[in-house]
Amino acid sequence: MEKRKLDIVVISDVHLGTYGCRATELSNYLSTIDPSILVLNGDIIDIWQFSKKYWPPTHMQVIKKITSMLSRGVKVYYITGNHDEMLRRFEHFSIGGLHIVNKLVIHHDNNKRSWIFHGDVFDVTMKYSKWLAKLGAVGYDMLIMINTFINYISKKLGRGKISLSKKIKNSVKSAVKFINSFEETAADIAIDKGYDYVLCGHIHQPCDREIKTAKGSVQYLNSGDWIENLTALEYCNDKWSVYQHPENEKAGKQNEASDKDESAYMRTTELFKMMVEDFEMVVEDFETA
């Protein structure tokens, strides 16, 4: 399958290392794109809930896809989030095309600017009750596991999928209020700074809308997540858009078939060896540059 050429791709909230992570779908998506820049906008690896007991080959395959992109010359920016905040101490670390940052500004050819950051800086719970946020993360992962079982039964009964977390978010007024406040705060700051686009993650709520205030307007975008929404942000032809990965079986099988030539379901040890080889190529290019 021919890969789609894209200028920039932004993904966030993958939560590798958790049961809710849809690593297979993300791996399939990464197999279909050829971006010049890949932005990993936080919570890619869930260090909060990381366990040596759960790291399946499909999760390692996502890492392998990213290192393969690096070896092909793709610039990869890893923006730290709250679940992978341990990496914040490595801010400004760069090797080859890999850069670890806390925020990112991209200057486009049309003289517009995109401001990209994870978004947990706006989360009051993160600031004052981190233990509560971590407890909530465990509860969310449990909810996803229960939801998976319910959808399995629902499918057997010939009914469609349901999302318990989405129903809760949409029904609880405080959750709706938090999301609206999050988006408006990000937009306000972006307008003050003169940015044309502001891109976030964190709240697992994909979005693309213009927000206007008395001071001006900005295009607010959120990359969603790879647990429930299976979404990313793509920039091509001077325009941002939200990508929605197909849920239907036909599309899933098609992407899965296109992935076989890259050994998508190899053992973790083999994938790790290939990943190291890709990274060594990146290091060699960096040293000879």
Regarding Glu91 and Asn102, do their side chains bring together a donor and an acceptor under 3.5 Å, going by distance alone? yes
Between Ile8 and the options Leu199, Leu233, Ile106, the side chain to side chain contact (heavy atoms under 4.5 Å, CB included) test singles out Ile106
I need the Cys21 SG to Asp46 CG distance, nearest 0.5 Å. 9.5 Å
How long is the span from the CD1 atom in Ile44 to the CD1 atom in Ile63, to the nearest 0.5 Å? 8.5 Å
Any donor and acceptor pair, going by atom type alone, linking the side chain of Arg113 with main-chain N or O of Gly194 inside 3.5 Å? yes
Pair His92, His99 - check side-chain contact (heavy atoms from CB on, under 4.5 Å), show working. CA-CA 7 Å; His92 304 310; His99 311 276; over 6 Å; no
Should the pair Lys103 and Trp115 be classed as cation-pi, given the thresholds of under 6.0 Å to the six-membered ring centre and 45° from the axis? no
Side chains of Ile37 and Val39: does their closest heavy-atom pair fall under 4.5 Å? yes
Is it possible for you to say whether Leu98 and Ile116 belong to one hydrophobic cluster, with membership spreading through side-chain heavy-atom contacts below 4.5 Å? no
Dump the intermediate steps for side-chain contact (heavy atoms from CB on, under 4.5 Å) on Ile33 and Met69, then the final yes or no. CA-CA 10 Å; Ile33 59 173; Met69 286 185 175; 4.1 Å; yes
Scanning both residues in full, the closest heavy-atom pair of Ala232 with Ile11 reads CB-CG2, 3.7 Å
Would you call the rings of Tyr235 and His108 parallel, tilted or perpendicular, taking 30° and 60° as the class edges? parallel
What pair of heavy atoms forms the shortest contact from Asp208 to Ser241, and how long is it? OD2-CA, 4.3 Å
Crowding at NE2, His107 (>12 non-hydrogen neighbours, <6.0 Å): yes
Distance in Å, Cys207 SG paired with Tyr220 OH, rounded so as to fall on 0.5 Å steps: 5.5 Å
Within the 3.5 Å criterion, strictly below it, is a donor on Asp196 or Gln219 matched to an acceptor on the partner's side chain? no
Are His15 and His204, when compared by the centres of their aromatic rings, separated by less than 6.0 Å? yes
Hydrophobic clusters here meaning ILVMFWY residues chained together by side-chain heavy-atom distances under 4.5 Å, can you tell me if Tyr197 and Val242 are in one? yes
Side chain to side chain, Ser27 and Thr24, heavy atoms closer than 4.5 Å: no
Consider only side-chain N and O atoms of His118 and Asn41, and report whether a donor and an acceptor are under 3.5 Å apart. no
Single-linkage hydrophobic cluster, 4.5 Å side-chain cutoff, Val218 and Leu104 together: no
Give the intermediate values and the outcome of side-chain contact (heavy atoms from CB on, under 4.5 Å) for residues Leu230 and Glu25. CA-CA 8 Å; Leu230 309 184; Glu25 287 87 345; 4.1 Å; yes
Does Asp109, at its CG atom, have more than 12 non-hydrogen atoms belonging to other residues, nucleotides or ligands within less than 6.0 Å? no
Quick one: pull up OH in Tyr54 and NE2 in His59 and give me the separation to the nearest 0.5 Å. 4.0 Å
Quick check on the 6.0 Å ring-centre criterion: do Tyr29 and Tyr243 meet it? yes
Give me the one residue out of Ile227, Asn82, Val14 that meets side chain to side chain contact (heavy atoms under 4.5 Å, CB included) with Asp43. Asn82
State, yes or no, whether a side-chain contact exists between Val198 and Cys200 at a heavy-atom distance under 4.5 Å. yes
Residue pair Phe182 / Gln205, side-chain heavy-atom distance below 4.5 Å: no
Listed partners of Arg4 passing salt bridge (Lys or Arg N to Asp or Glu O under 4.0 Å), at least two apart: Glu234
Assess the side chains of Ser36 and Lys75: does a donor N or O sit below 3.5 Å from an acceptor N or O? no
Taken to the nearest 0.5 Å, the spacing of Ile100 CD1 from Leu87 CG works out to 5.5 Å
Examine distances only and state if a side-chain atom of Asn237 and a backbone atom of Lys239 form a donor-acceptor pair shorter than 3.5 Å. no
Could you list the residues that satisfy salt bridge (Lys or Arg N to Asp or Glu O under 4.0 Å) with Asp188, not counting sequence neighbours? none
Could you see if Leu40 belongs to whatever hydrophobic cluster contains Trp240? Use Ile, Leu, Val, Met, Phe, Trp, Tyr and a side-chain cutoff under 4.5 Å. no
Any side-chain heavy atom of Lys212 within less than 4.5 Å of one from Glu210? yes
Glu228 and Arg22: CA distance, side-chain angles, deciding distance, salt bridge (charged side-chain N to carboxylate O under 4.0 Å, His left out) verdict: CA-CA 8 Å; Glu228 294 179 277; Arg22 303 282 288 275; over 6 Å; no
Testing the 3.5 Å rule here: is there a donor-acceptor pair between the side chains of Tyr78 and Asp84? yes
Closest non-hydrogen atom pair between Gly201 and Ser223, with its separation: CA-OG, 4.0 Å
Please check if Tyr195 and Val10 belong to a single hydrophobic cluster, counting links between Ile, Leu, Val, Met, Phe, Trp and Tyr side chain heavy atoms closer than 4.5 Å. no
Partner residues of Lys215 under the side chain to side chain contact (heavy atoms under 4.5 Å, CB included) criterion, sequence neighbours left out: Ile191, Asp192, Thr213
Asn229 side chain to Thr231 backbone, donor-acceptor under 3.5 Å: no
May I ask you to test the Leu6-Asp34 pair for a side-chain heavy-atom distance under 4.5 Å? no
Establish, from distance only, whether the side-chain atoms of His202 and Asp13 form a donor-acceptor pair under 3.5 Å. no
Kindly compute the distance separating CG (Leu30) from NZ (Lys64), expressed to the nearest 0.5 Å. 11.5 Å
